[in-house]
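In listed order, ligands and their atoms are each counted from 1. Residue numbers start at 1 and run along the sequence shown.
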Amino acid sequence: MSDTSAAVVDHAAALARRIATHTARLTIIGQGYVGLPLAIAFARAGFQVAGLDSDLDRVTALATGRSHVPDVPSEELQAQIRAGRYQATTETAVLADSDAIIICVPTPLGKSKDPDISYVIAASKDAAARFHPGKLIILESTTYPGTTEELLLPLFEAKGGTVGEDLFLAFSPERIDPGNPSFKVGDIPKIVGGTTDACRRLAASLYREIVPHVHEVSTPKVAELAKLYENVFRNVNIALANEFSVMCRYLGVDSREVIDAAATKPFGFMPFYPGPGIGGHCIPVDPLYLSWKMRLNGYQARFISLADDINRSMPAHVLTLVAEALNDCGLPFKGARVLVLGVAYKRGIGDTRESPAFEIIAALRRKGSEVTYADPHVPALWVDGARIKAVEATEEELRAADCVLVLTDHPEFDYAAVARHGRLIVDTRHTVPDAARGRLVRL
Ligand SMILES: NC(=O)c1ccc[n+]([C@@H]2O[C@H](COP(=O)([O-])OP(=O)(O)OC[C@H]3O[C@@H](n4cnc5c(N)ncnc54)[C@H](O)[C@@H]3O)[C@@H](O)[C@H]2O)c1
């Protein structure tokens, strides 16, 4: 598509100027793990940012300077509020005054494991309802290829926007890894694909204000697919590590030792490690957005399907390990006291979305085990309609358990103490030291 009319030059140039001078007003829709760090990064760069979220409790907390995201300390949030650069709101009216709108709302799966795109549609409709010529709209939510141009573009065109002339539309996937101290928003290169050259250039110029490296691609679809390919890559490699650990168990070999040995190769190998199953929003969910789209195209995405099967079988495999370990001590599931260490889906954060801990704890309880858990990031957990309160992983708790089951390798746990006091330990993360050998079963 070419950008040749005088109107293009006017709107694009005006917006480019506002971006370059940091006078462009931004609204980030969705103030979760993705949207809040992004909003604060732009505020820190000097932009006026509205953080729009439909969750009143979340907005109330943010407005009073309380952050719920590990990558945004509350002090940083408060500093940006004080400087008048960040404002959390539930009022969609802020969209009318915005020069650029970035959409960071959830993209979960529906009950039948098909994409649930309803949040993206709702946010886009809100933005389109307040469209005026010259706006830049960027979708960041992970989604199926084609969403930006098949779903968003018609909504804005229906409000009179002409893409590349007075409407600028792009997709730029968020690649944040919550809780990762080495890679925060500003450290991760941004991929940007625009519907026209002007769209791409404007979106890229906005991100260059907060990220040193922006990689421009030819279309939104390439950018949408790049994000999915990254997560399929992780999903498939985690599945390989998981299946490899099952195979190693048959062979009486420690899978971790093998993977670490292979990882000494300085090229052509990247280590992935087994675990109790996959959790979080990205890895269990995103690949299914791609396989769904491929099914519509008459193609079966076999790697995705196999990886999904293997990864989803891991909680059952963990239960088998626990059953065998208890059995070796003459104990049935029924009445066994199991202390679970870690219920978040990964280390260092309190995010329990899609965590395999739910399935494992629910199954243990159904079999009659008495389950307690410790997790410094998750004070309480709902399992099968019952609320379980976290305990601390004290010496007494460790000693009292028939089996200590490590599901998340939080750095806060004292693994030497687990090795000392645990009577029987099933370690799905290979964090408990060898000192526990004889009482220790590793995945
Ligand atoms: N969390 C991650 O690690 C991560 C990493 C990369 C990409 N992503 C992707 O980013 C997107 C957002 O994920 P997240 O983890 O930030 O989700 P989240 O659940 O933490 O936050 C989403 C926020 O959007 C709000 N919201 C939903 N619909 C809204 C609407 N119509 N208007 C205003 N607010 C609305 C919700 O109230 C919530 O606060 C998803 O597509 C996800 O796949 C997430």
Side-chain angles (χ1 to χ4, degrees), residues 27-41 50-63 66-72 88-95 98 101-110 115-130 137-145 147-148 151-152 155 171-180 183-185 187-191 223-224 226-235 278-290 344-355:
T27 295
I28 316 287
I29 310 184
Q31 290 296 280
Y33 286 95
V34 165
L36 181 60
L38 189 68
I40 295 302
L52 174 63
D53 201 292
S54 49
D55 180 336
L56 181 59
D57 290 342
R58 181 158 284 185
V59 167
T60 306
L62 290 173
R66 274 179 291 131
S67 168
H68 58 96
V69 170
D71 299 328
V72 176
T89 181
T90 54
E91 294 296 332
T92 51
V94 290
L95 292 163
S98 306
I101 296 168
I102 305 181
I103 300 171
C104 307
V105 296
T107 43
L109 294 173
D116 173 1
I117 211 75
S118 59
Y119 300 94
V120 172
I121 294 177
S124 304
K125 281 186 173 166
D126 282 343
R130 287 154 188 86
I137 315 291
I138 305 173
L139 178 62
E140 283 214 9
S141 300
T142 309
T143 184
Y144 61 80
T147 306
T148 308
L151 207 108
L152 268 67
L155 291 176
F171 183 82
S172 178
E174 181 49 64
R175 306 157 105 188
I176 200 166
D177 182 16
N180 186 331
F183 295 100
K184 299 202 183 290
V185 172
D187 308 309
I188 308 169
K190 276 303 252 169
I191 298 173
E224 290 160 344
K227 170 71 186 181
L228 293 177
Y229 187 58
E230 287 168 17
N231 285 351
V232 169
F233 174 85
R234 269 191 77 71
N235 192 31
I278 42 172
H281 181 274
C282 294
I283 305 301
V285 174
D286 300 350
L288 302 185
Y289 267 67
L290 180 54
Y345 80 89
K346 70 171 186 178
R347 78 197 304 264
I349 63 166
D351 193 345
T352 57
R353 288 180 296 179
E354 310 278 331
S355 172

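- Atom 31 (N) of ligand 1 has its closest protein heavy atom at A123 N, 3.7 Å.
- Listed by number with element, the atoms of ligand 1 under 4.0 Å from a non-hydrogen atom of Y119 are 27 (C), 28 (N).
- For ligand 1, the atoms sitting less than 4.0 Å from at least one non-hydrogen atom of H281 are 40 (C), 42 (C), 43 (O), numbered in the order shown with element in parentheses.
- For atom 3 (O) of ligand 1, the closest heavy atom belonging to the protein is P178 CD, 3.1 Å.
- In this structure the side chain of F183 never reaches within 4.5 angstrom of the side chain of D177, judged on heavy atoms.
- Residues T143 and P115 fail the side-chain proximity criterion, which asks for heavy atoms closer than 4.5 Å.
- When non-hydrogen atoms are compared, ligand 1 lies under 4.0 Å from the side chain of I29 (C-beta onward) but not from its backbone.
- Considering only heavy atoms from C-beta on, V285 stays 4.5 Å or farther from T107 through its side chain.
- Of the listed residues (G35, G32, A127), the one carrying the non-hydrogen atom nearest atom 21 (O) of ligand 1 is G32.
- When V285, T143, T107, D53 are checked for heavy-atom proximity to atom 37 (O) of ligand 1, D53 turns out nearest.
- Residues V34 and I176 come closest through the heavy atom pair CG2-CG2, 3.9 Å.
- Remark: side-chain polar atoms of R130 are paired, donor with acceptor, to backbone N or O of D126 under 3.5 angstrom.
- Between the side chain of R175 and the backbone N or O of P189, at least one donor-acceptor pair lies under 3.5 Å.
- Atom 9 (C) of ligand 1 has T142 OG1, 3.5 Å as its closest protein atom, hydrogens excluded (heavy atom only).
- Atom numbering of ligand 1 starts at 1 in the shown order; those under 4.0 Å from a heavy atom of E174 are 6 (C), 7 (C).
- Under the 3.5 Å distance criterion, the side-chain polar atoms of K125 are left unmatched by any main-chain donor or acceptor of L155.
- Of the listed options S54, P173, P37, S54 places a heavy atom closest to atom 29 (C) of ligand 1.
- Within the model, atoms CD of E174 and CG of L38 stand 6.0 Å from one another, a figure rounded to the nearest 0.5 Å.
- Ring-plane geometry between Y289 and Y144 is classed as parallel, the angle between the planes falling under 30 degrees on a 0 to 90 degree scale with a further cut at 60.
- In this structure, the protein non-hydrogen atom closest to atom 24 (O) of ligand 1 is G30 CA, 3.3 Å.
- When the heavy atoms of R58, R353, E140 are ranked by distance to atom 17 (O) of ligand 1, first place goes to R353.
- Listed by number with element, the atoms of ligand 1 under 4.0 Å from a non-hydrogen atom of P106 are 19 (O), 22 (C), 24 (O), 27 (C).
- Closest to atom 8 (N) of ligand 1 among all protein heavy atoms lies V34 CG2, 3.5 Å.
- The protein heavy-atom contact nearest to atom 11 (C) of ligand 1 is V105 O, 3.4 Å.
- Side-chain contact between I29 and L95 is present, with heavy atoms from C-beta onward closer than 4.5 Å.
- Between T148 and the options I137, L139, I103, a side-chain contact (heavy atoms from CB on, under 4.5 Å) holds for only L139.
- Atoms of ligand 1 lying under 4.0 Å from any heavy atom of K227, numbered from 1 in the order shown and given with element: 6 (C), 7 (C).
- Of all protein heavy atoms, the one lying nearest to atom 5 (C) of ligand 1 is I176 O, 3.4 Å.
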